[in-house]
Amino acid sequence: MNSNEDVNHTKNTKKFLHTYGFILFFSSVLMFIIQHQYYTLYEVVEGMIFFSVVTLIYFTLVHLFFKNEQGRKIVSWSLLSLFVITMTALFFI
């Protein structure tokens, strides 16, 4: 691959990840709207806050990953940390 193909591949990947993030966020919002009768107002607000925070983290990590090599290291360590926290919570809580 030459440099021009690498740039196009990177742009396509970044565009795909952004599109994927928007679809996930809006499908979550749509789920709360369509199935509102199954949730209390508190649960809807709590769910929307959760999905908003997760979406913010997702887009921050995507941005950092494509920014530079240091950003890729930050993303790798962040994902490893999230994995360790999740596994710890799974087995000890």
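Side chains included, hydrogens not; waters and symmetry mates left out as well; all remaining heavy atoms used. Computed from a prediction, not measured in an experiment: that's the story for all the values here.
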Listed partners of S52 passing side-chain contact (heavy atoms from CB on, under 4.5 Å), at least two apart:
F25
Spacing of S78 atom OG and L64 atom CG [to the nearest 0.5 Å]
7.5 Å
Evaluate whether atom CD of Q70 has more than 12 neighbouring non-hydrogen atoms of other residues, nucleotides or ligands under 6.0 angstrom away.
no
Hey, any chance F51 and L24 share a hydrophobic cluster, counting ILVMFWY side chains that come within less than 4.5 Å of each other, even indirectly?
yes
Are L56 and L17 linked, directly or through other ILVMFWY residues, by side chains that come within less than 4.5 angstrom of each other?
no
Enumerate the residue pairs fulfilling ring pair (Phe, Tyr, Trp, His ring centres under 6.0 Å) with a member in residues 74-93, sequence neighbours excluded, ordered by first and then second residue.
none
Suppose we screen for ring pair (Phe, Tyr, Trp, His ring centres under 6.0 Å). Which residues come up paired with Y39, at least two apart in sequence or across chains?
F32
Can you tell me how far apart CD1 (I74) and NZ (K67) are? Round to the nearest 0.5 Å.
8.5 Å
Results of side-chain contact (heavy atoms from CB on, under 4.5 Å) for T40 - residues two or more places apart only
Y42, E43
F22: what forms a ring pair (Phe, Tyr, Trp, His ring centres under 6.0 Å) with it, not counting sequence neighbours?
F59
Would I85 and L90 show up in the same hydrophobic cluster when neighbours are defined by side-chain heavy atoms closer than 4.5 Å?
no
Shared-cluster residues of I34, by chain and number - hydrophobic side chains joined below 4.5 Å
L30
Same apolar cluster (I L V M F W Y, side chains within < 4.5 Å links), V53/Y58
yes
List for me each residue that meets side-chain contact (heavy atoms from CB on, under 4.5 Å) alongside S27, sequence neighbours excluded, and say none if there are none.
none
Could you grab the distance from atom NE2 of H36 to atom CG of L41, nearest 0.5 Å is fine?
12.0 Å
So how far is it from T13 OG1 to Y20 OH, rounded to the nearest 0.5 Å?
14.5 Å
Is M87 linked to L79 within one hydrophobic cluster, defined over Ile, Leu, Val, Met, Phe, Trp and Tyr using a side-chain heavy-atom separation of less than 4.5 Å?
no
For T86, the side-chain contact (heavy atoms from CB on, under 4.5 Å) test, sequence neighbours excluded, returns none
